[in-house]
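These notes concern the structure reproduced below.
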Amino acid sequence: MNEKHKLVVVVGSVREGRFGPVVAAWVAERAREHGGFDVEVVDLADVEIPLSLPALSPRFAGDAYPRPAGMASLTSRLTDADAVILVTPEYNHSYPASLKAAIDWHFTQWTAKPVAFVSYGGAAGGRHAILHLENVLTELHAVTIRESLAFPNYFTGWEDGRPLDPEVPGYAKALLDQLAWWAAALRAARDAVPYPA
Ligand SMILES: Cc1cc2nc3c(=O)[nH]c(=O)nc-3n(C[C@H](O)[C@H](O)[C@H](O)COP(=O)(O)O)c2cc1C
């Protein structure tokens, strides 16, 4: 039996020339090294995410929610996930519209799942983006992870696809340890009793 947690790492930015895939690849590698996860990376640039939503709410429509065919890979991975890491830049003191749209097209896929955050940006390192995401994910009945990674001024702090600060892998391990703990706890809880959403 495979006891690893299914982890989805989401690349939240879709901007031309974006840095997001570099951060996500590094995070996914740390998660594979950690040993507690089966890791998949979902790049929102590869997903069809219309800004216009159906009339129904995904909260109540369940599997009948009419999503575009090009969103299926994201939806099925979120559905199957035991844990999610959102990799996000900071745009105007928040996170990108691409990530908000991807979140809003789903509801039950987030419920009673642990979600961790890795951000990057200018001076604040994406901290504002994480604060906003914590707020939004709580509305979706997700459990947000206390430890997060924020990379300020990533343009000087990264080289050859990795952060220069030697302390960072230790911070990543702390995040992944907490994520694994919550993934196991919430998986067992979801299996035992339906979440009262
Ligand atoms: C529209 C826009 C707004 C931005 N606003 C901020 C900001 O408020 N704070 C910050 O630290 N960096 C800000 N930045 C810088 C981004 O964090 C940086 O360009 C980062 O590389 C963007 O991620 P991406 O390359 O994956 O798209 C902004 C960038 C863009 C394109």
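None of these values were measured; they are calculated from a predicted model. Note that ligands are numbered from 1 as they come in the structure, with each ligand's atoms numbered from 1 the same way.
Using modelled atom types and a 3.5 Å distance limit, the side chains of T75 and H106 yield a donor-acceptor pair. Judged purely by distance below 3.5 Å, without hydrogens or angles, the side chains of D177 and H34 pair a donor atom with an acceptor atom.
W181 places no side-chain N or O within donor-acceptor distance of the main-chain N or O of L176, the cut-off being under 3.5 Å. Within the 3.5 Å criterion, the main-chain N or O of L7 finds no donor-acceptor partner in the side chain of E40.
Which of N153, N92, V22 comes nearest to atom 5 (N) of ligand 1 through a heavy atom is settled by distance: it is N92. Around atom 20 (C) of ligand 1, the closest heavy atom drawn from F155, F19, Y91, Y154 belongs to Y154.
Looking at heavy atoms from C-beta onward, S119 lies out of side-chain contact with P89 at the 4.5 angstrom threshold.
For atom 10 (C) of ligand 1, the closest heavy atom belonging to the protein is G122 N, 3.4 Å. At the shortest separation from atom 13 (C) of ligand 1 among protein heavy atoms lies E90 O, 3.0 Å.
Looking at D82 and R187, a side-chain N of the basic residue comes within less than 4.0 Å of a carboxylate O on the acidic one, giving a salt bridge.
In summary, the aromatic rings of W158 and Y120 are positioned with their centroids too far apart to meet the 6.0 Å limit.
For the pair G121 and ligand 1, the shortest N or O to N or O distance does not fall below 3.5 Å.
For ligand 1, the atoms lying closer than 4.0 Å to a non-hydrogen atom of H93 are 7 (C), 8 (O). For ligand 1, the atoms sitting less than 4.0 Å from at least one non-hydrogen atom of G20 are 26 (O), numbered in the order shown with element in parentheses. Listed by atom number, the atoms of ligand 1 under 4.0 Å from P89 heavy atoms are 22 (C), 23 (O).
Of the heavy atoms in R15, only side-chain atoms (C-beta onward) come closer than 4.0 Å to ligand 1.
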